[in-house]
Participant: 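Just passing along the structure, written as structure tokens.
For ligands, and for the atoms within them, numbers begin at 1 and follow the listed sequence. What you see is a predicted model, and the numbers here were worked out from it, not measured in a lab.
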Amino acid sequence: MRIIKAKDYDDMSRKAAAVISSQVTLKPDSVLGLATGSTVEGLYKELVKLFNQGTLDFSQVRSVNLDEYVGLPPDHDQSYNYFMKTNLFSKINIDEANTNLPNGLARDSDLECKRYDKIIDGFGQMDLQLLGLGNNGHIGFNEPSDTFMTNTHCVELTDETIESNARFFSDKSQVPKKALTMGIKGITQAKIVLLCVSGTHKAEALKNVLAGPVTPQIQGSILQMHPNLVVVADKDALSKLQTS
Ligand code: GLP
């Protein structure tokens, strides 16, 4: 595991963008696992900047997103489809036909999860999986549980997650109760896992993920077993960990 220390959110965003930028430069047809959330907004802005400067070319990149809310249409401003379009896809030269997200409107979520796993399996191995971290240590929407779910699945969101994501909706009752999420196998099969964390409110979760026991109650703790985990975290997020 490598921990790259950042001064603050902006520094984390620049450093994480540099990791993705190197990946795409070294392998222009990289398969990127992408994430949503406020943590990665700044990093996507940095990637857009690099694209506009002519430094990065996404024309051959393929992408697979982690998750999507059940019940939100792709044009809903809180859907993860919408997030990806507005924060990244519409601002770079990625071919949208090469981007993938779960369909939150699928009538049969089991079938949709199978369809999604086929896409993931079809890529063989992702080159890099980008992750944010939930306040309860979740990755994607893999919520605390008695087991690690390997495949893409439909998950009931915990009250804690609903509460913490309510800030993006007009009120808590508008937050979907379910989501489709890539499972732990899909996430951890990537050659590189890039975990980005910012802020004191994530410090406890990050400590549990990196230095606590590996347990499905803290789903991100499985990342300790990954051979190539890169953590880019700011000072505040690292404040409960002893790092040299
Ligand atoms: C959501 C997403 C996660 C994300 C997490 C943290 O629940 N499913 O993929 O990492 O929240 O979000 P934020 O970056 O907004 O704190």
Participant: Would you call Lys172-Asp159 a salt bridge at under 4.0 Å N-O?
Facilitator: yes
Participant: Strictly distance-based, threshold 3.5 Å: is any side-chain N or O of Thr150 a donor or acceptor partner for the main-chain N or O of Lys185?
Facilitator: no
Participant: Check each N or O atom of ligand 1 against all protein N or O atoms and list the pairs under 3.5 Å, with atom names and distances to 0.1 Å, one per line.
Facilitator:
residue	atom	partner	partner atom	Å
ligand 1	7 (O)	His138	NE2	3.0
ligand 1	7 (O)	Asn165	ND2	3.3
ligand 1	8 (N)	Asp67	OD2	2.8
ligand 1	8 (N)	Gly140	O	3.1
ligand 1	10 (O)	Leu133	N	3.4
ligand 1	14 (O)	Ser38	N	3.3
ligand 1	14 (O)	Thr39	N	2.9
ligand 1	14 (O)	Thr39	OG1	2.5
ligand 1	15 (O)	Ser38	N	2.8
ligand 1	15 (O)	Ser38	OG	2.7
ligand 1	15 (O)	Arg167	NH2	2.9
ligand 1	16 (O)	Lys202	NZ	2.7

Participant: Taking the six-membered ring for Trp and the single ring otherwise, decide whether the centroids of Tyr69 and Phe141 are under 6.0 Å apart.
Facilitator: yes
Participant: Please examine the side chains of Tyr44 and Phe83, heavy atoms only from C-beta on, and report whether any two atoms are closer than 4.5 Å.
Facilitator: yes
Participant: Strictly below 4.0 Å, N to O, side chains only: are Asp11 and Arg14 in salt-bridge contact?
Facilitator: yes
Participant: Take atom CG in Asp146; do more than 12 heavy atoms of anything else shown fall under 6.0 Å from it?
Facilitator: no
